[in-house]
Amino acid sequence: MNPLTHLDDDGRARMVDVGGKPVTRRVAIAEGRLDTTAEVVALVQGDALKKADVLPTARIAGIQAAKRTSELIPLAHIVPLDAVSIDFGFEASAVTIRATVSTTARTGIEMEALTAVAVAALTLHDMVKAVDPAAQTGGIRLVEKRGGKRGVWRADAAGEPTVGDAPSDGSAVSQGDEADAAGGRRAIVLVASTRAAAGEAPDTTGPAIVEWLRARGYGVPAPVVVADADIADAVRGAVAGSPTVLITTGGTGVNPGDRTPEATLAVLDQELPGVAEAIRAAGRAATPMAALSRARAGIAGRTIVVNLPGSRGGVADGLAVLADLLPHLVDQIAGGDHAPRADAAPRPVPHPAPHPTPHPAPHSIVPPTATVHAEGARDA
C-alpha cells in the first residue's frame, strides 16, 4: 500500500478515514515571523500605523483562518476547535507570531495552527506594506503537537524517539511530562503589561522569573509580553500547550484594567488558595499594599498556574515562597506519594499526665471540664 496516507493504492488523492481513531485531547503549536525594519516594528508596537489596530486585526484573522482550514486545505478534516490563541513577540526587526490550537477529536490540528500563523502573518504584511513593501513573511513551522498516536512531538527534539501512544481518555499530557522529566520540565512566563507590550516601558519581571525557572532545570522560552486586555487569550493558549508550570506577572491589582486573576480562574480545575495567600503574606512583610493583590494559584489540567505581582519586589517575594512549594507541587501533580521528609525530626509522643489528687476547688475556679468545653466552643 502507498505509504503516503493521503493517496490511495492507485496514487489518487483521498481524505483519510479517521473514524476508527480514538478521541483524544490534541494541541498543536506553530510559529512564523514578519521580517521588516526596526522603524516598522516600533510603529506596530505603538499602534501608530495608518491602518490602526494592527495586532488585533492580525489576531482575529489568524483565529478565523484556523476555523476555516478545512475550506482552504482540500484534504484537511473538519475539526471542532476547543481554543485558538495568537500571540505576538517583537525582535529588533521582526514581529513573531505563535498560534496555539487545541481540540478533542480523532485527528490532529497541525494544519489549523500553521494556517493560523500564515494568515496572521499575511495580514500583518498587508497592514505594513505601505511603509515597507519589502517586508517578508516566513519561518512558518510546526513547533509542537500533543495527543494521538505519537503522544508528544517537538521540533527541537525531532531526532529523538517519539513518546508512546496516548491513552484513549485524552490525557497525553502526562506522557509529555514524563518525557520532560529526564531533560527538564517545561514552563511558560506571561507578562501582563499594556505599557511593556506597547514598547513604552521595559519588562523588568519576566526575565527574572525565566532565569529563576531555568536555574531549577525548567525549559523556558523568553517571556511572552501581552497587553492586559489580551491576558485571557494568552493564559488559555499557554495552558493549551500543557506546560508543567505557568507563571504570570502583573495585572493582579484593583485597577480596572487588571484582569489576570479572572483570566486565571477561567482555566483552573482546582484552586490552591493557600499558595496565593502565602505569596500575599510574604509581600505584606515588605509592604501593606500587598494585601490588595487578587492573585490566584491553582491547577489547570496538569499545569501549575501561579499569579505573581507586577513589581520586581513582589516577584522576588513570590519566588521565595515557590522555592519551597513548587518542587512538592510538581511531584504531587506527577503522582508522587506523601513520603516522609528524611530531614524531619521525629515528633515527640505526648505521655498522659498523672491524675492529680482530688481536692476541693474554690468556687472561683472553673472546673477543668468546663474549661475544655469552653475552648472547644470558642475554637469551633
Side-chain angles (χ1 to χ4, degrees), residues 28-74 76 81 83-101 109-143 155 190-203 206 221-234 236-238 250-251 257 259:
I29 304 173
E31 65 181 21
R33 58 192 294 119
L34 174 76
D35 290 297
T36 180
T37 66
E39 292 75 16
V40 170
V41 171
L43 289 172
V44 172
Q45 284 186 290
D47 195 21
L49 287 165
K50 290 183 178 180
K51 291 185 176 181
D53 298 328
V54 174
L55 296 182
T57 302
R59 177 177 290 111
I60 293 299
I63 293 172
Q64 285 293 96
K67 293 164 63 177
R68 304 187 68 173
T69 299
S70 62
E71 299 176 28
L72 301 171
I73 309 298
L81 300 182
V84 182
S85 66
I86 310 288
D87 297 305
F88 300 100
F90 301 98
E91 298 178 359
S93 57
V95 180
T96 60
I97 307 123
R98 186 180 180 92
T100 304
V101 185
I109 47 171
E110 299 95 310
M111 295 312 303
E112 282 74 8
L114 290 164
T115 303
V117 169
V119 173
L122 288 173
T123 303
L124 283 177
H125 194 290
D126 178 55
M127 304 290 270
V128 309
K129 68 180 188 295
V131 290
D132 182 18
Q136 297 183 14
T137 60
I140 299 173
R141 65 172 188 143
L142 183 68
V143 176
L190 291 180
V191 180
S193 171
T194 301
R195 294 184 63 214
E200 299 172 359
D203 169 24
V224 177
V225 182
V226 299
D228 289 293
D230 298 326
I231 188 63
D233 287 340
R236 282 196 301 270
R259 308 303 297 169

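Every value quoted in this text rests on a predicted model; they were computed, and no experiment measured them.
In this view, Thr100 satisfies the side-chain hydrogen bond (donor to acceptor under 3.5 Å, both in side chains) rule with no residue, not counting sequence neighbours. Checked against side chain to side chain contact (heavy atoms under 4.5 Å, CB included), Ala61 has the following partners two or more places apart in sequence or in another chain: Val119, Thr123. Annotation: side chain to side chain contact (heavy atoms under 4.5 Å, CB included) contacts of Gln136 (sequence neighbours excluded): none. For Thr36, the side chain to side chain contact (heavy atoms under 4.5 Å, CB included) partners two or more places apart in sequence, or in a different chain, are Val40, Val41, Asp132, Ala135. Partners of Asp228 according to the salt bridge (charged side-chain N to carboxylate O under 4.0 Å, His left out) rule, which considers only residues two or more places apart in sequence or in another chain, do not exist here.
In this structure, the separation between CG on Asp230 and CD1 on Ile86 is 12.0 Å, given to the nearest 0.5 Å. Here the CG-NZ distance, from Leu49 to Lys129, works out to 11.5 Å after rounding to the nearest 0.5 Å. Once rounded to the nearest 0.5 Å, the distance linking CG of Leu114 with CG of Leu142 reads 5.5 Å. A distance of 10.5 Å separates CD1 of Ile140 from CD of Glu31, quoted to the nearest 0.5 Å. Atom CD1 of residue Ile109 and atom CD1 of residue Ile29 lie 10.0 Å apart, to the nearest 0.5 angstrom.
Pairing each heavy atom of Arg33 with each of Ala94, the nearest pair is NH2-CB, 3.2 Å. Across all their heavy atoms, Leu190 and Ala238 have their closest contact at CD1-CB, 4.2 Å. Contact between Gly32 and Val117 at its shortest, heavy atoms only, is N-CG1, 3.5 Å. Of all heavy-atom pairs spanning Ile97 and Ala120, the tightest one is CG2-CB, 4.0 Å. The two residues Ala116 and Ala99 come nearest to each other via the heavy atoms CB-CB, 3.9 Å. Val225 approaches Ser193 most closely through the heavy-atom pair CG1-O, 4.3 Å.
Residues Val44 and Phe88 fail the side-chain proximity criterion, which asks for heavy atoms closer than 4.5 Å. Inter-residue side-chain proximity for Thr96 and Glu91 is flagged as met; some heavy-atom pair is nearer than 4.5 Å.
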- For side chain to side chain contact (heavy atoms under 4.5 Å, CB included), just list the numbers for Leu124 and Leu55, CA-CA rounded to whole Å, side-chain angles, deciding distance to a tenth of an Å, and then say yes or no. CA-CA 7 Å; Leu124 283 177; Leu55 296 182; 4.0 Å; yes

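Pairs engaging residues 53-70 under the side chain to side chain donor-acceptor pair (under 3.5 Å) rule: Gln64-Lys67, Arg68-Glu71 [sequence neighbours left out].
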